Amino acid sequence: MTAIISTAYSRDLGDELRRIRETCTSFGGRAMAAQLGWDPSKVSNIETGKARASDVDLAQYLATCGKDLDYLQDFGNRYRHAFDLYFAQGPTTLRTLTMAESMATKIFVYEVLAIPGLLQTESFARALFTEVGCHSPEEVEDGVSRRMGRQSIWQRPYRPECLFYVHELALRMRIGDAKVMEDQYLRLLFNAHILRVVPASVKPVTLRSKCTLFEFAKAAPLAYTESDLAKVFVQDDAAIAATRKLFERLDAVALESGSPGEFHPWAPTDPGVTVSRHRALVTLVTRRAGPKLPRSSARTCGGVAA
């Protein structure tokens, strides 16, 4: 066993080992350690992703849980990348992202073309998955269910502090019908205290990829971005510094409290938009609040696709 800085993926796979132990054996953590002849802290550190298990450790652990050689090989292939500072997953895998959202103390999000998933209404998420056009009805409903499941963090007594930077283009993008959009705008209005709008007039940040920065109480910060092809998790120091610089830039250009009405997605005379919705959006862009943005001493913005 080797002590090392934990990553989002090491914590995910460590938690998977814990669930295997609880499902396949009657052992608690200390009993498992006794069965393996390990110190109890070794089981704890491996299951929380704080230490890398050796190939022998994994073989002993999984054999005690009744797993065969094929399972060991499959898990070992994944575990080989558990502590990589750059790690990519398939686009449909959600466990690592969900664990990061659940463990974070602060979450900073930048979205360019879509409403952040943690703020989407169910009808908006369904319309979004449907309009993408590459999902079956069953896949759409599964995607909606999983996205709504991620939003359970809002119900927790110690939920993370969040600040969402949403580009004007995302608010202009019409998904679904007028009712879907109106409900989504009202959801954003309800969360206006954690939302800041980035005006379309600030062109440089429009060209940056969407990204998320996670802060943890007892783990290193994590930068995250995604595309249709992959989810990417990064803990490299230079990449984290570059991501902080991006959010500092967003903090500087996003609309401040009391800003004049620079942003009008549609005039209230647009037949597809009600007056109440227009007023809601105007209210949105004149509000500012949220957790204090982390500052960085880094001088450059390079090194990461944020």
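If you're wondering where the values come from, they're calculated on a predicted model, not measured in any experiment.
A side-chain donor-acceptor contact under 3.5 Å links N77 to the backbone of Q73. A donor-acceptor pair under 3.5 Å is absent between the side-chain atoms of T98 and the main chain of R150, judged by distance alone. The backbone N or O of E141 lies less than 3.5 Å from no partner atom in the side chain of S145, so there is not a single donor-acceptor pair. A donor-acceptor pair under 3.5 Å is formed between the side chain of W154 and the backbone N or O of L118.
R147 and E122 are not joined by a salt bridge, as no carboxylate oxygen comes within less than 4.0 angstrom of a charged side-chain nitrogen. A salt bridge is absent between E182 and K179: the closest approach of a Lys/Arg side-chain nitrogen to an acidic carboxylate oxygen does not fall below 4.0 angstrom. Ion pairing between D15 and R18 holds under the 4.0 Å rule for side-chain N and carboxylate O.
The salt bridge (Lys or Arg N to Asp or Glu O under 4.0 Å) contacts involving residues 58-75 comprise D74-R78, where partners must be two or more places apart or lie in separate chains.
A donor and an acceptor atom, one from each side chain of E16 and Y79, are nowhere located under 3.5 Å apart.
Within the model, atoms NZ of K42 and OH of Y61 stand 12.0 Å from one another, a figure rounded to the nearest 0.5 Å. Rounding to the nearest 0.5 angstrom, the gap separating the CD atom in Q235 from the CZ atom in F83 is 10.0 Å. Atom-to-atom distance recorded for D236:CG and L222:CG is 12.0 Å, nearest 0.5 angstrom. In this structure, the separation between NE2 on H167 and CZ on R172 is 10.0 Å, given to the nearest 0.5 Å.
Side-chain contact check for R21 versus E47: some heavy-atom pair is nearer than 4.5 Å. Between L128 and Q120 the shortest side-chain heavy-atom distance falls below 4.5 Å.
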Walk me through whether Y9 and F87 qualify under ring-ring contact (aromatic ring centres under 6.0 Å, His included). CA-CA 8 Å; Y9 196 39; F87 177 74; 3.9 Å; yes
Worked check of side-chain contact (heavy atoms from CB on, under 4.5 Å) between V180 and D177: CA-CA 5 Å; V180 168; D177 58 25; 3.3 Å; yes
Take K245 and E248 through the test salt bridge (charged side-chain N to carboxylate O under 4.0 Å, His left out) and record every step on the way to the result. CA-CA 5 Å; K245 292 294 288 186; E248 289 174 13; 3.8 Å; yes
Full working for side chain to side chain donor-acceptor pair (under 3.5 Å) between T96 and Q89: CA-CA 9 Å; T96 305; Q89 286 184 326; 2.8 Å; yes
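Results of the side-chain contact (heavy atoms from CB on, under 4.5 Å) test with F124 over L119, I115, D183, V144 single out I115 as the only residue that passes.
For the pair R244 and F108, the NZ or CZ position fails the cation-pi test of under 6.0 Å to the six-membered ring centre and within 45 degrees of the ring normal.
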